[in-house]
Amino acid sequence: MASHVPAEQGGEDPEQRVAARLGELRRERGLTLTTLADWTGISAAHLSRMEKGERQPSIGSLFQLARAYGISLGELVGEGRPAEHHVVRGATAPVHDGPDGPYATMTGLGPRSALEAVRLDLTADRPERTAVHAGEEWVYVVRGQVAARIGGEEVALAAGDALHFDASARHSLWSRGGPATVLIVSAAPPPARPSHGA
């Protein structure tokens, strides 16, 4: 696979830009941290830390926040507005560092799209992280050996293997014995939002 191209050449740190963008989006929509926590299932305290740049959002959190705001994952991390179609060139896709590993967004049609995809690089030194969110997830192993835990069951995956599961089950993904690259596609209906009177 082609090597990653840095997301930014100088200027503001891309992770700090994502943190600032999260706070910006919430304030633009007049939402409290508590309301956004209700919509996404992410605690208000964790949301606050992400907005301050004290915590990097996981891939699962990014999926949830993009859906809550009705924008694409690319827009959420500051990669521009969607058009009628969206092309991602693998060798030049902006790469962001996150707690799950370096990732690049591979989709970008915005709120009219029911799915989002990211390419994620896993390394052996990353701790196993657990996620739970609405919808379905499909994981395809591009290279390396990967292990997944869905609920209480562990599944071993090799390059060329795919895994499809209900993302509301507690799940985690990690590399086995060296670097690995996966493509994660997440699909979900828009989040249920409280009525204005709630």
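In this structure, the side chains of Thr105 and Glu116 stay at 4.5 Å or more apart for every pair of heavy atoms. Residues Ile71 and Leu25 have side chains in contact (heavy-atom distance under 4.5 Å, counting atoms from C-beta outward). With a 4.5 Å cut-off on side-chain heavy atoms, Trp174 and Asp100 do not count as touching. Within the 4.5 Å cutoff, side-chain heavy atoms of Leu115 are placed close to those of Thr107. For the pair His96 and Arg17, the minimum side-chain heavy-atom distance is below 4.5 Å. Side-chain contact between Leu183 and Val139 is absent, with no heavy atoms from C-beta onward closer than 4.5 Å. Looking at heavy atoms from C-beta onward, Leu73 lies out of side-chain contact with Tyr103 at the 4.5 angstrom threshold. Side chains of Ser168 and Glu137 form no contact here, defined as non-hydrogen atoms less than 4.5 Å apart.
Nearest heavy atoms, Leu22 versus Pro57: CD1-CG, 4.5 Å. Between Ala124 and Gly178, the shortest heavy-atom distance links the atoms CB-N, 4.2 Å. Taking every heavy atom of both residues into account, Gly101 and Leu120 meet most closely at O-CD1, 3.6 Å. Heavy atoms only, all atoms of each residue included: Ser186 and Arg67 are closest at OG-NH2, 2.7 Å.
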Practice task
Give the C-alpha distance, both sets of side-chain angles, the deciding distance and a yes or no for side chain to side chain contact (heavy atoms under 4.5 Å, CB included) between Val182 and Leu173.
Solution key: CA-CA 10 Å; Val182 295; Leu173 189 69; 3.9 Å; yes
Exercise for the section: Assess whether side chain to side chain contact (heavy atoms under 4.5 Å, CB included) is satisfied between Asp121 and Arg143, documenting all intermediate values. Expected result: CA-CA 9 Å; Asp121 288 329; Arg143 68 177 178 118; 4.3 Å; yes
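Formation of a donor-acceptor pair under 3.5 Å by the His171 side chain with backbone atoms of Ala131 is found in this model. For the pair Thr40 (side chain) and Leu36 (backbone), a donor-acceptor distance under 3.5 Å is present.
Take Glu51 and apply the side-chain hydrogen bond (donor to acceptor under 3.5 Å, both in side chains) test, not counting sequence neighbours, and it matches Arg26. By the side-chain hydrogen bond (donor to acceptor under 3.5 Å, both in side chains) test, Thr34 pairs with no residue at all, sequence neighbours left out. Checked against side chain to side chain contact (heavy atoms under 4.5 Å, CB included), Pro99 has the following partners two or more places apart in sequence or in another chain: Gln56, Ser58, Arg129. Under the rule for a salt bridge (Lys or Arg N to Asp or Glu O under 4.0 Å), Asp166 has no partner lying at least two apart in sequence or in another chain. In terms of the side-chain hydrogen bond (donor to acceptor under 3.5 Å, both in side chains) criterion, Thr130 has no residue partners (sequence neighbours excluded).
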N/O donor to acceptor pairs below 3.5 angstrom from side-chain atoms of residues 153-165, sequence neighbours left out:
from, atom 1, to, atom 2, distance (Å)
Glu154, OE1, Arg149, NH2, 3.0
Asp161, OD2, Ala158, N, 2.8
His164, NE2, Glu136, OE1, 2.7

For residues 41-49, which side-chain N or O atoms pair as donor and acceptor with protein atoms under 3.5 Å away, sequence neighbours left out?
from, atom 1, to, atom 2, distance (Å)
Ser43, OG, His46, N, 3.0
His46, ND1, Arg55, NH1, 3.4

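With a 6.0 Å radius and a threshold of 12 heavy atoms from other residues, nucleotides or ligands, Arg126 has its CZ atom above the threshold. Within 6.0 Å of CZ on Arg170 lie no more than 12 heavy atoms contributed by other residues, nucleotides or ligands.
Atom CZ of Arg119 and atom OH of Tyr140 lie 14.0 Å apart (nearest 0.5 Å). The CE atom of Met50 sits 4.5 Å away from the OG atom of Ser61 when rounded to the nearest 0.5 Å.
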